Amino acid sequence: GAVVSQHPSWVICKSGTSVKIECRSLDFQATTMFWYRQFPKQSLMLMATSNEGSKATYEQGVEKDKFLINHASLTLSTLTVTSAHPEDSSFYICSARDGRAGGQGNSPLHFGNGTRLTVT
Amino acid sequence: TQLLEQSPQFLSIQEGENLTVYCNSSSVFSSLQWYRQEPGEGPVLLVTVVTGGEVKKLKRLTFQFGDARKDSSLHITAAQPGDTGLYLCAGAPVGTGGFKTIFGAGTRLFVKA
């Protein structure tokens, strides 16, 4: 089945530093990947859609200069949290659709295992 | 605004009891997915329902897609502690290009031994 790998699984950083999170599709190509943020005991909130070879599409209220997304290949998208602050502490999850299954809404999303970011 | 309303948001039951989680919307979906998420991990796909009226079974879990494809339910028979987790319904509404998936608020299930 489709596997999405996310790295690191957890990271602690100091306020003001930047953190990069990687999302890889291991056995399929993904022209599009999605980045979510999840607060404790809450559902997933879509932050942005990462498009291979072009600019990411950000959801309303998400700062594109704060959360930099790069999708340089069909199997890798990265999310960089720039100048992180304690309020950026959260669980970040990426997902992708398996293009072999059509890549549209009928195709389920496959998720990485998430990255727990703690900013001190 | 296209929403998926999921209920209940929290459920605490004894082992062996049955339960049903509901997912409702005013929008029509080409398909709906159900995911289960454990703390510190990403959601794991349980099932996709595609056809209106469809019923799918996965061991003790029964999933149903409404005839109008606007709602879905998840029924668990004889719940076990291992069923504890966050259950999420999700789907891409028809008319959005089938591209952007939206999520319900989730149902946090706790099954006590």
Side-chain angles (χ1 to χ4, degrees), chain A residues 1-11 21 23-25 30-51 56-60 90-99 101-118, chain B residues 1-7 9-12 21 23 27-51 54 56 63 65 69 84-110:
Chain A
V3 178
V4 174
S5 174
Q6 192 171 336
H7 178 82
S9 56
W10 61 271
V11 58
I21 303 170
C23 182
R24 294 179 184 272
S25 55
T31 56
T32 304
M33 291 185 176
F34 304 90
W35 287 96
Y36 297 84
R37 184 172 181 176
Q38 187 176 31
F39 291 102
K41 299 184 180 181
Q42 293 189 22
S43 188
L44 282 70
M45 181 187 75
L46 180 64
M47 297 175 64
T49 302
S50 172
N51 304 298
T57 305
Y58 290 83
E59 295 300 301
Q60 191 173 7
S90 191
F91 193 55
Y92 293 87
I93 310 175
C94 70
S95 71
R97 280 202 178 89
D98 186 347
Q104 294 303 312
N106 281 350
S107 307
L109 292 170
H110 299 279
F111 288 87
N113 271 336
T115 298
R116 169 76 54 198
L117 171 63
T118 302
Chain B
T1 304
Q2 294 157 326
L3 294 174
L4 269 173
E5 296 181 348
Q6 193 171 338
S7 62
Q9 291 194 15
F10 181 79
L11 198 54
S12 180
V21 178
C23 188
S27 300
V28 177
F29 291 79
S30 55
S31 67
L32 276 178
Q33 288 84 44
W34 285 92
Y35 294 86
R36 178 166 167 261
Q37 183 182 23
E38 300 198 37
E41 298 182 8
V44 174
L45 178 68
L46 296 175
V47 78
T48 297
V49 286
V50 179
T51 306
E54 180 177 10
K56 280 192 174 178
F63 304 86
F65 201 13
R69 292 184 289 136
T84 294
L86 178 67
Y87 290 82
L88 296 159
C89 64
V94 169
T96 63
F99 188 73
K100 187 182 293 185
T101 296
I102 61 173
F103 284 82
T107 296
R108 190 163 297 278
L109 172 65
F110 181 66

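Reminder, nothing fancy here: chain letters follow the sequence lines and each chain counts from 1. Here the structure is a predicted model, which is why all the values come from computation and not from measurement.
Side-chain atoms of Tyr35(B) and Leu44(A), non-hydrogen and from C-beta on, never get closer than 4.5 Å to each other.
The most heavy-atom pairs under 4.5 Å with chain B, out of Ser95(A), Gly114(A), Gly112(A), Ser43(A), come from Ser43(A).
Only the side chain of Ile93(A) has a heavy atom closer than 4.5 Å to any heavy atom of chain B. Looking at Gln6(A), neither its backbone nor its side chain comes within 4.5 Å of chain B, counting heavy atoms on both sides.
Residue-environment remark: CD (Glu59(A)) exceeds the threshold of 12 foreign heavy atoms within 6.0 Å.
Nearest heavy-atom pair across Leu86(B) and Gln42(A) is CD2-O, 4.1 Å. When all heavy atoms are compared, the tightest approach of Phe91(A) to Gln37(B) is CE2-NE2, 3.9 Å.
Put simply, NZ on Lys41(A) and CZ on Phe10(B) are 7.5 Å apart, with the number rounded to the nearest 0.5 Å.
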